Amino acid sequence: MNEGALVTVLIAMLGGAIRVSTPFMFVALGECLTEKSGRINLGLEGNLVLGAMVAYGVSYLSGNPWLGVLAAGSSGLILGAMHGYICKLPKVNDIAVGIAMMSFGTGIAFFFGKPYIQPTAPRLDSIPLGDWTGNSALAQALQVNPLFFVGIALALAMSWAFANTKWGLIVRMTGDSAASARAMGVSVDLVRFLATSAGGFLAGIGGAFLSLYYPGSWNEGLSSGQGLMAVALVIFARWDPIRCIWAALLFGAAGAIGPALQSVGITSGYYFFNAAPYILTLFIMIASARSKAAARDVPGELSITK
Amino acid sequence: MSANSFNRRAFLKAGAAGVAASALPLNFAKAQTPVVLGAVYVGPRDDFGWNQAHAVSMEILKSLPNVSVIEEENVPETDAVSQSMESMINLDGANLILATSFGYYNPFVVDLAKKYPDVQFRHAAPLWNEASDPANAGSYFPYLNQAHYVNGVAAGLSSSGKIGFVAAKPIPSVLSNINSVLLGAKSVNPDATVQVIFTGEWSLPVREAEATNALVDAGAEVITCHVDSPKVVIETAEGRGVKTCGHNASQAPLAPTGFITGAEYKWETIYAGYASALAAGEPLPNFMIGGYNNDMLRNTAYGAGATTEAIAAADAAIAAMVAGEPIYKGMLKDNQGNVVVDKDYDNYDPYLDGMNWLLEGVQGSIT
């Protein structure tokens with residue numbers, strides 16, 4: 001590979017990291033919050049797909065894409081609240097409910113989304129941060145959607161709040177030891193209900209990014225499992241919001257490798273390169289999960305670790 | 001009173017009509033056989049792609065007298081398609097099933113055709129085998145690469161000849177579309193090249209958008225594609241300010257400034273032929289292939305991206321193919337340097353169905 005080609009691939013990975021990572025970021029942050037409170041919501045794929053549909057529909061009908069983002073968040077909030085409420089009932093398994101909510105979310109999104117496949121809705125604008133470079137590929141890679149920055153700010157805020165606020169402490173305590181939380185007079189069910197609802201809200205916003213910015217249209221194959229991958233990223237990021245951001249960026253960048261290598265003439269083995277994000281994730285998981293620190297990071301109340 | 005009254009004039013009229021009808025040739029009476037078409041789609045009917053192309057044709061068929069249409073979308077290539085087809089036969093009285101997705105054929109269509117010998121089954125891929133498959137089943141498949149050739153001609157004259165192609169999987173029909181775009185572009189612009197990126201899946205919107213961006217970054221001036229739903233590719237390319245050629249159905253509304261033309265199926269030619277044969281009680285052809293020479297394809301009406309000379313050259317290319325002009329004319333080498341086309345091949349030559357090469361001038365690889 002010559003130098004020019006290498007630069008092209010690196011620019012594409014930078015662009016891919018910025019363009020593709022945002023939905024992963026929002027879903028992973030939402031799931032991080034939910035899991036920190038001691039509950040797993042596998043249904044965020046449903047929130048993502050429903051959010052994408054609702055955002056597109058509302059943007060198309062109202063002409064205001066930001067209203068679409070808000071509506072997508074609200075639809076995710078409702079799904080998250082449903083998950084939170086059902087899991088509060090006795091003897092309910094949160095993983096099973098999550099899978100049911102995933103089918104439910106995608107199902108209603110497909111059902112109500114029919115009329116919005118054809119029309120073109122107003123989309124979110126991006127901020128051109130790379131025009132000064134004078135390089136069109138770099139300028140394109142640095143077209144950044146505001147939601148990307150919102151996601152990063154949110155991760156910083158969450159990280160700070162978990163460590164430094166009473167609310168953060170309550171969420172972590174609920175997730176690590178329900179008995180201690182109860183002894184402190186905290187309603188475990190209420191905390192988990194609120195955390196799951198808020199997590200659902202974030203995942204819905206991730207969906208809005210998919211349909212209103214990149215790739216920027218609504219159809220039934222839009223998500224292709226990104227919500228599920230993002231849930232896995234939380235484990236990969238070991239329940240740390242900042243690491244969720246890095247994981248999402250890495251995943252986006254690795255996803256750009258396949259097309260970028262083909263565009264510079266490295267054309268064979270594209271199935272392998274397209275699998276790069278998953279292979280990378282696997283290796284980092286193996287490397288990181290062996291440490292004792294990884295076991296310490298898991299919220300103690302998660303039904304998979306209990 | 002009116003119910004029992006005997007109207008002599010009406011009786012005479014009806015009798016005269018009956019006598020007149022019986023005097024007509026037999027197939028007039030058979031023309032009253034209602035034709036019920038049951039179409040099964042693998043994806044949404046309005047996907048701007050393969051399924052939409054079928055659904056648009058079915059809309060046209062609905063306007064024909066004596067034809068009714070039942071459609072079901074989002075039917076996976078599993079046992080679910082058997083259930084859909086059976087309910088169309090048993091509940092709606094379908095006498096012709098149109099199974100429009102590749103994976104529907106074996107075992108689902110084959111098994112049901114054996115179970116319901118009075119119902120006709122036709123499948124949209126050239127898979128029917130006279131020796132082993134039931135006689136009431138069959139295949140129909142237009143060679144879309146002829147319309148992609150026209151795309152290539154128009155793209156070659158609407159740009160400097162750098163064409164980007166987002167492709168799903170390296171199977172012969174996809175490879176033929178890529179090679180035909182190149183040959184079309186080269187026929188008017190010897191310097192033309194096609195750069196291809198395979199996404200590896202039929203529908204992966206995010207990777208399709210990434211591939212489109214990568215091609216534009218690599219200098220492509222026209223983007224075209226062969227994926228299930230070209231909407232994302234066309235919209236992304238339009239957003240990047242490059243020109244586009246469509247695939248499967250009309251994507252013209254998605255690219256008001258850059259759209260050149262698009263390769264489209266004309267399924268209604270085939271479907272209307274089936275319907276009239278059924279109505280007349282004639283046997284349906286088991287195996288139908290075709291292209292421009294028998295009215296099974298069209299190119300989307302030229303958009304703002306097409307230059308005047310491109311339109312003239314594309315129209316001339318269509319006229320030549322209607323007259324049977326071949327696309328693959330020897331000698332041609334693949335991009336590894338091997339001679340793969342040693343003579344002129346007819347557009348339907350079986351040799352081309354096994355295509356596993358990309359021609360010289362295509363940047364890309366099938367593995």
Side-chain angles (χ1 to χ4, degrees), chain A residues 5 8-9 11-13 15-16 19-20 23-24 52 110-111 113-120 123 126 135-138 140-141 143 210-211 213-226 252 255-275, chain B residues 43-49 51-52 73-74 164-167 169-170 195-220 227-236 238-241 249 253-256 335 358 362-367:
Chain A
T8 306
V9 172
I11 290 177
M13 287 174 70
R19 284 191 294 254
V20 181
F24 287 117
F110 290 0
F111 181 73
K114 274 278 161 259
Y116 304 113
I117 297 177
Q118 284 276 338
T120 301
R123 288 185 244 167
S126 58
N135 174 331
S136 72
L138 201 55
Q140 181 63 31
Q143 291 268 347
L210 280 179
S211 65
Y213 184 67
Y214 194 80
S217 77
W218 158 247
N219 67 59
E220 292 168 10
L222 183 63
S223 150
S224 46
Q226 290 179 68
I257 292 177
L261 283 179
Q262 288 190 66
S263 82
V264 298
I266 298 175
T267 52
S268 49
Y270 52 85
Y271 279 107
F272 178 76
F273 293 121
N274 282 339
Chain B
R45 198 158 44 190
D46 35 16
D47 61 353
F48 274 104
N51 299 297
Q52 179 172 326
E73 54 185 347
N74 288 327
F165 199 116
V166 181
K169 296 187 183 205
Q195 179 166 23
V196 56
I197 290 185
F198 289 101
T199 63
E201 282 298 333
W202 292 108
S203 180
L204 269 185
V206 173
R207 196 176 296 156
E208 286 158 17
E210 280 295 295
T212 309
N213 275 316
L215 288 168
V216 176
D217 287 340
V227 294
D228 264 0
S229 171
K231 189 183 183 194
V232 163
V233 173
I234 304 292
E235 282 186 331
T236 307
E238 175 82 358
R240 291 292 305 266
L254 301 175
N335 60 6
L358 290 165
V362 178
Q363 192 189 349
S365 132
I366 59 174
T367 53

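Keep in mind it's a predicted model, so treat the numbers as computed, not measured. Below, chain A is the first sequence line, B the second, and so on; all start at residue 1.
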**Asked** Non-hydrogen atoms of chain A under 4.5 Å away: do they reach the side chain of T212(B), the backbone, both or neither?
**Response** neither
**Complete:** Whatever's closer than 4.5 Å to a heavy atom in chain B on L210(A) counts as side chain
**Fill in**
Comparing T8(A), L222(A), I11(A) against chain B, the one with the most heavy-atom pairs below 4.5 Å turns out to be L222(A)
**Complete:** Hits for ring pair (Phe, Tyr, Trp, His ring centres under 6.0 Å) against F48(B), two or more places apart or cross-chain, chain-then-number order -> none
**Prompt:** Quick one: what part of E210(B) sits under 4.5 Å from any heavy atom of chain A, side chain, backbone, both or neither?
**Reply:** both
**From OG1 (T120(A)) to CD (E235(B)), nearest 0.5 Å** = 5.0 Å
**Request:** Among N213(B), L204(B), T199(B), L254(B), single out the residue with the greatest number of heavy-atom pairs under 4.5 Å to chain A.
**Result:** N213(B)
**Set of side chain to side chain donor-acceptor pair (under 3.5 Å) partners for E73(B), sequence neighbours left out** = none
**Item:** Side chain, backbone, both or neither of P119(A) within contact of chain B (heavy atoms, under 4.5 Å)
**Value:** backbone
**Item:** Y214(A) versus chain B, the contacting section by heavy-atom distance below 4.5 Å
**Value:** side chain
**Prompt:** Is the F198(B) ring parallel, tilted or perpendicular to the Y270(A) ring (thresholds 30°, 60°)?
**Reply:** parallel
**Part of Q52(B) within contact of chain A (heavy atom distance under 4.5 Å)** = side chain
**Asked** Distance from D46(B) atom CG to E220(A) atom CD, nearest 0.5 Å?
**Response** 7.5 Å
**Prompt:** Side chain, backbone, both or neither: which part of Q118(A) has a non-hydrogen atom closer than 4.5 Å to chain B?
**Reply:** both
**Between OG on residue S203(B) and CG on residue N219(A), distance to nearest 0.5 Å** = 6.0 Å
**Request:** Sort V196(B) into side chain, backbone, both or neither according to what part of it lies under 4.5 angstrom from a heavy atom of chain A.
**Result:** backbone
**Item:** Q226(A) (side chain) donor-acceptor with F24(A) (main chain) under 3.5 angstrom
**Value:** no
**Request:** Check whether A218(B) gets within reach of chain A through its side chain, its backbone, both or neither, counting any heavy atom under 4.5 Å.
**Result:** side chain
**Request:** Take atom CZ of F272(A) as the centre, draw a 6.0 Å sphere, and report whether it contains more than 12 heavy atoms from other residues, nucleotides or ligands.
**Result:** no
**Prompt:** Does any heavy atom of chain B fall under 4.5 Å from the side chain of S224(A), the backbone, both, or neither of them?
**Reply:** side chain
**Asked** Side chain, backbone, both or neither: which part of D228(B) has a non-hydrogen atom closer than 4.5 Å to chain A?
**Response** neither
**Message:** Nearest 0.5 Å, please: how far is CG in L215(B) from CD in Q363(B)?
**Reply:** 9.5 Å
**Complete:** Ranking D217(B), V232(B), V206(B), D47(B) by heavy-atom pairs under 4.5 Å to chain A gives rank one to V206(B)
